[in-house]
Amino acid sequence: MSDFVKSLMAGVKAKNPAEPEFHQAVQEVAESLDVVLEKHPEYRSAKVLERIIEPERVILFRIPWVDDQGEVHVNRGFRIEMNSAIGPYKGGLRFHPSVNLGILKFLAFEQVFKNSLTTLPMGGGKGGSDFDPKGKSDDEVMRFCQSFMTELSRHIGPNTDVPAGDIGVGGREIGFLFGQYKRIRNEFTGVLTGKGINWGGSLIRPEATGYGAVYFAAEMLGTRNETLEGKTCLVSGSGNVAQFTTEKILDLGGKILTLSDSSGYIYDEEGIDREKLKFVMDLKNLKRGRIKEYVEKYPNAVYTGMDPNQEFNPLWNHKADCAFPSATQNEINAKDAQNLLDNGVYVVSEGANMPTVPEGVELFVDKKILYGPGKAANAGGVAVSGLEMSQNSMRYGWTREEVDAKLHQIMKSIHKTCYDTADKYGTPGNYVNGANIGGFIKVADAMLDQGVV
Ligand code: NDP
């Protein structure tokens, strides 16, 4: 680690205590950028990186709501408006009990680089709450979303900040949030993305992150003249990203062996086909059930419960060619990363944000496998959110085929930026450097143009 990164990180840790995920995300980017800052003293003297790591604004608020029994609850709401150099703040909302300031700051920070890579004019933001939608009735979720939006509505707008979904925030929640925004502001605008198709949503938005992560994997394989046809794949999670990752792998001829939720995972040696995927989608999106129920329907599959005392996640310990982590941050620890390599995995495309710990990333990069970090591989979601914003502004909707073609093109372009940038800065095949540097330069140049703000 260079003296510059050491001193930057000492400052970040002192100023942002108890935010380990934020430290982790900043350190990875800073290490990649060392060589760029050396080549471009103008970035260093304008303190561009020092400004990028400081959110432009952090909003923290109380969310009181009443459950079906009449009991009052209080949750905490956040919106991190990280960087608006190249467009309005853009990034998802996460509802999960683990949500805190540090996790949202890491996500908002990553979002700045990701959005820049998409080629679309979007700044970076992220938000959410420690509210847990699991086990809540639809009415409770609605009352919570209305209370959340009552405060958030003052801070967002179609030209200011445009939130979307993330963990725990899908179509149902976006609907309730949009309804309340419209009621308070008396305007029908594209203030959120991931909207329903009848009221301003874009076709392919639900599919976009998962499809994009698979397109990215296909591009990486293409550099070795290979395709996904016949490849065996491990997928974690069973939510939005995991479901559409599975669908696109099937489209491209791959075989999916696993899916999971926070309670455990299923291993289906016969492969998860379209009928089984439909069962999972109904189970998760309509019945809001647990992945364990998969083996009741398909008894040849095996369910393994999550053991918090185990040093590794057995999901990542099966023979396969590709891994698509699609659940949450730091879900692949160093031992898992080694297990993946030992089991022959040589393609990792991250649907989730920062799912691999730094030691794991180092292993993947050292072994020169095809490793696509989240800020590049999962950028398809926000890219189609950007396309949703364009369609809202035009008051016009593109067809499924048109949006999918644009998504595919954007993923190819992100891949090319990462690949070429890694090469240009002397680390060929290193998509981590490629994504960090490629995402940084556009934002940094815009910041230089706009002066010290
Ligand atoms: P969902 O809420 O739809 O699904 C999340 C899945 O991950 C669920 O199966 C959930 O299980 C599991 N999960 C969540 N937290 C944990 C945990 N702590 N340990 C183990 N499993 C967990 O979310 P998404 O699919 O939208 O998001 C998944 C990942 O993809 C996140 O990292 C998100 O930031 C990232 N992402 C999402 C985008 C999008 O467009 N939705 C865009 C870019 C990135 P359970 O049901 O038990 O909680």
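Atoms within each ligand, like the ligands themselves, are counted from 1 in listed order. Along the sequence shown, residues carry numbers from 1. The model shown is predicted, which means the values in this text are computed figures rather than measured ones.
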If we number the atoms of ligand 1 from 1 as shown, the ones under 4.0 Å from a heavy atom of G237 are 9 (O)
If you apply the rule side-chain hydrogen bond (donor to acceptor under 3.5 Å, both in side chains), what do you find for R185 with S153, and how did you get there?
CA-CA 8 Å; R185 302 287 289 257; S153 63; 5.2 Å; no
Under 4.0 Å from one or more heavy atoms of T328, ligand 1 contributes atoms 15 (N), 16 (C), 17 (C), 18 (N), 19 (N), 32 (O)
Quiz item: Does NZ or CZ of K442 lie under 6.0 Å from the centre of the six-membered ring of F113, at an angle within 45° of the ring axis?
Solution: no
for atom 4 (O) of ligand 1, nearest protein heavy atom and its distance come out as G239 CA, 3.3 Å
Ligand 1 to R94, heavy atom cutoff 4.0 Å, flagged ligand atoms 31 (C), 32 (O), 33 (C), 34 (O)
Closest to atom 47 (O) of ligand 1 among protein heavy atoms sits S262 OG, 2.4 Å
>> Take a 6.0 Å sphere around CD of E311 and say whether it holds more than 12 heavy atoms from other residues, nucleotides or ligands.
In response: no
*Electrostatic pair K287:D282 at N-O distance under 4.0 angstrom*: no
Ligand 1 atoms nearer than 4.0 angstrom to some heavy atom of S238 are 9 (O)
Quick note on ligand 1: atoms under 4.0 Å from a heavy atom of A352 include exactly 29 (C), 30 (O), 32 (O), 35 (C)
When K105, K126, K375 are each screened for salt bridge (Lys or Arg N to Asp or Glu O under 4.0 Å) with E110, the one that passes is K375
Nearest heavy-atom approach of S238 to V280 is CB-CG1, 4.3 Å
At a 4.0 Å cut-off, with the gap strictly under it, does some heavy atom of S260 reach an atom of ligand 1?
yes
Going by the 4.0 angstrom heavy-atom rule, the piece of A208 near ligand 1 is neither
Please step through side-chain hydrogen bond (donor to acceptor under 3.5 Å, both in side chains) for the pair D130 and N100, ending with a clear verdict. CA-CA 7 Å; D130 56 0; N100 58 37; over 6 Å; no
The reported gap from CD1 in I174 to OG1 in T193 (rounded to nearest 0.5 angstrom) is 6.5 Å
heavy-atom search around atom 2 (O) of ligand 1 in the protein gives G168 N, 3.0 Å
Among G351, G194, G264, S326, the residue with a heavy atom nearest to atom 36 (N) of ligand 1 is G351
Within the 4.0 Å heavy-atom cut-off, what E331 brings close to ligand 1 is neither
Logged contact type for A242 with ligand 1, heavy-atom cut-off 4.0 Å, is neither
TODO: I would like to know whether K278 and D273 meet salt bridge (charged side-chain N to carboxylate O under 4.0 Å, His left out); could you show each step before the answer?
DONE: CA-CA 9 Å; K278 174 151 190 334; D273 60 18; over 6 Å; no
One finds that the ligand 1 atoms under 4.0 Å from a non-hydrogen atom of N240 are 3 (O), 25 (O), 26 (O), 41 (N)
Atoms of ligand 1 under 4.0 Å from any heavy atom of R205, numbered from 1 in the order shown, are 40 (O)
If we number the atoms of ligand 1 from 1 as shown, the ones under 4.0 Å from a heavy atom of H96 are 15 (N)
In this structure, does ligand 1 have an atom that sits under 4.0 Å from one of the heavy atoms of K134?
yes
Residues 312-333 vs salt bridge (charged side-chain N to carboxylate O under 4.0 Å, His left out), sequence neighbours excluded, gives none
Logged contact type for Q329 with ligand 1, heavy-atom cut-off 4.0 Å, is neither
When distances are taken from atom 31 (C) of ligand 1, the protein heavy atom at minimum range is A327 O, 3.3 Å
| field | K126 N/O to ligand 1 N/O under 3.5 Å | value | no
re atom 27 (O) of ligand 1, the protein heavy-atom contact at minimum distance is I167 CG1, 3.6 Å
* With no hydrogens and no angle check, is any side-chain donor or acceptor of E402 less than 3.5 Å from a backbone partner on T399? -> yes
Between R400 and E207, is there a side-chain N and carboxylate O pair less than 4.0 Å apart? yes
Among non-hydrogen protein atoms, atom 37 (C) of ligand 1 lies closest to V241 CG2, 3.5 Å
Counting heavy atoms under 4.0 Å, the part of D261 that contacts ligand 1 is both
of all protein heavy atoms, closest to atom 40 (O) of ligand 1 is T209 OG1, 2.7 Å
Query - Charged N-O contact under 4.0 Å between K284 and D261 - result: yes
Can you find a non-hydrogen atom of G170 under 4.0 Å from ligand 1? no
re atom 33 (C) of ligand 1, the protein heavy-atom contact at minimum distance is D166 OD1, 3.1 Å
Electrostatic pair E219:K416 at N-O distance under 4.0 angstrom: no
List, one per line, each side-chain donor-acceptor pair under 3.5 Å for residues 197-206, sequence neighbours excluded.
residue, atom, partner, partner atom, Å
S202, OG, Q391, NE2, 3.0
R205, NE, G381, O, 3.2
R205, NE, S385, OG, 2.9

